[in-house]
Amino acid sequence: MGCGEVLVKYVLFFSNLFFALAGLALLGLGVAVQLQISPVTDIADAAIQAAPIGSMVVGGVVFLIAFFGCCGAIKESNCMLITYSIFMIILMILKITLASLIFVNLDKLVEAVPRLLNEAFNKDRISFQEIERTFQCCGPTGPLSYRDVMLPESCCASLPCTIVNAYTGCDAKVQNLMESFGLAIGVVAIVIVAIELVAVVFGLCLANHARNKSRRSRY
C-alpha cells in the first residue's frame, strides 16, 4: 500500500470517528431538548416534537454507520466500504432534508408557542405550573397573566410569591429554547454533511483500492 492509500485509510478512519462523536452530539442534543420540553409535549403539536425526535433518530443512525465505516477502513473491506458509502449518501440527503425543514419551519414553530402556552394556561393552570417549574417562568406573558389571582409557588424562586419577585413570562423562554435548538441542529447537520461528502469520496477511493488489491492477489 502506497503513502496515498495509507493517508486515505487513516483520514477515513478518523473522519468516521468524528462522525460517531457528532452523531452522539446530535443524539444527546435531541434527548436534552426532549427532556427539557417534556412538560410542553402534552399541549404541543407534532411539528414541535418532531425536531428533537428527528435529531435523536438521525444521531443514532449516524453513530452506527460511522462505527461501520471505521471497521471498513481498518479492515480495507470493499463490501463494507461500498455499503458504508451508500448509507452515507442516504444520510446526507436525510440531514439536508432535516436541516431544511428546521430552517423553513422554525419561525412558524416559534410563533406558535404563545398560542399553545396561552391555550394550556387557560385550560388547566395547575398543569401549567409544571411548565413554570421547568423553565422558571410565570404565566404565558408574566405574573400579570394571573390578574387578580394569587400567584402560585411555581412562579417564584422564594416565598412569599409576589409580582415583585416573580419570574418573567414563559412565552419568551420557550421561544428562545426553540430558536437555539433549531439553529444548533441546523448548523451541526450542515457541517456534518460537508465533511461526509469528503468521507464518501475517500470511502469509494479506498474501496476501489481494496478491490484492485483483491484482484491482484488472485494472480
Side-chain angles (χ1 to χ4, degrees), residues 23-62 93-192:
L24 288 178
L26 278 174
L27 177 61
L29 187 58
V31 171
V33 174
Q34 182 66 20
L35 292 176
Q36 184 73 13
I37 67 172
S38 58
V40 192
T41 53
D42 292 336
I43 63 172
D45 55 24
I48 290 180
Q49 301 180 51
I53 293 175
S55 173
M56 288 186 284
V57 172
V58 172
V61 174
V62 167
I93 296 173
L94 289 177
K95 281 196 280 294
I96 291 173
T97 303
L98 174 64
S100 299
L101 289 174
I102 289 176
F103 281 132
V104 169
N105 296 310
L106 184 58
D107 289 340
K108 294 180 181 178
L109 295 177
V110 172
E111 291 174 0
V113 168
R115 175 181 58 81
L116 294 170
L117 293 183
N118 190 59
E119 291 176 356
F121 181 77
N122 293 328
K123 181 180 180 180
D124 188 352
R125 295 189 179 184
I126 301 299
S127 298
F128 193 85
Q129 292 178 19
E130 184 61 31
I131 298 176
E132 293 173 332
R133 294 188 187 94
T134 300
F135 291 93
Q136 294 185 336
C137 56
C138 183
T141 59
L144 293 179
S145 299
Y146 283 92
R147 298 181 181 178
D148 296 330
V149 180
M150 183 180 297
L151 296 178
E153 295 181 2
S154 56
C155 271
C156 304
S158 59
L159 300 177
C161 188
T162 64
I163 293 179
V164 177
N165 64 340
Y167 296 124
T168 56
C170 295
D171 287 356
K173 292 197 173 183
V174 176
Q175 285 179 314
N176 288 337
L177 173 68
M178 295 299 296
E179 288 177 346
S180 300
F181 168 73
L183 291 175
I185 291 296
V187 170
V188 170
I190 290 173
V191 170
I192 293 175

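Here the structure is a predicted model, which means the values were calculated and not measured. Just the heavy atoms: all of them, side chains too, but no hydrogens, waters or symmetry mates, feed the values below.
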How many angstroms lie between [atom1] in [X] and [atom2] in [Y], if you round to the nearest 0.5 Å?
{"X": "Cys138", "Y": "Gln129", "atom1": "SG", "atom2": "CD", "answer": "9.5 Å"}
{"X": "Ser154", "Y": "Arg133", "atom1": "OG", "atom2": "CZ", "answer": "5.0 Å"}
{"X": "Phe121", "Y": "Leu116", "atom1": "CZ", "atom2": "CG", "answer": "15.0 Å"}

Might you point out which heavy atoms bring [X] and [Y] nearest each other, and give the distance in Å?
{"X": "Glu132", "Y": "Pro152", "result": "OE1-CG, 3.9 Å"}
{"X": "Glu179", "Y": "Val110", "result": "CG-CG2, 3.5 Å"}
{"X": "Pro160", "Y": "Asn165", "result": "O-ND2, 3.1 Å"}

Quiz item: Should the pair Glu111-Lys108 be classified as a salt bridge under the 4.0 Å nitrogen-to-oxygen rule?
Solution: no
Quiz item: Does Asp171 use its side chain to pair, donor to acceptor, with the backbone of Leu117 at less than 3.5 Å?
Solution: no
Quiz item: Would you find a donor on one side and an acceptor on the other, under 3.5 Å apart, between the side chain of Asn176 and the backbone of Lys173?
Solution: no
Quiz item: Is the SG of Cys161 found under 2.5 Å away from the SG of Cys155?
Solution: no
Practice problem: Report yes if some heavy atom in the side chain of Phe128 is under 4.5 Å from a heavy atom in the side chain of Cys170; otherwise report no. | Solution: yes
Quiz item: Does any non-hydrogen side-chain atom of Thr141 lie less than 4.5 Å from one of Ser145?
Solution: yes
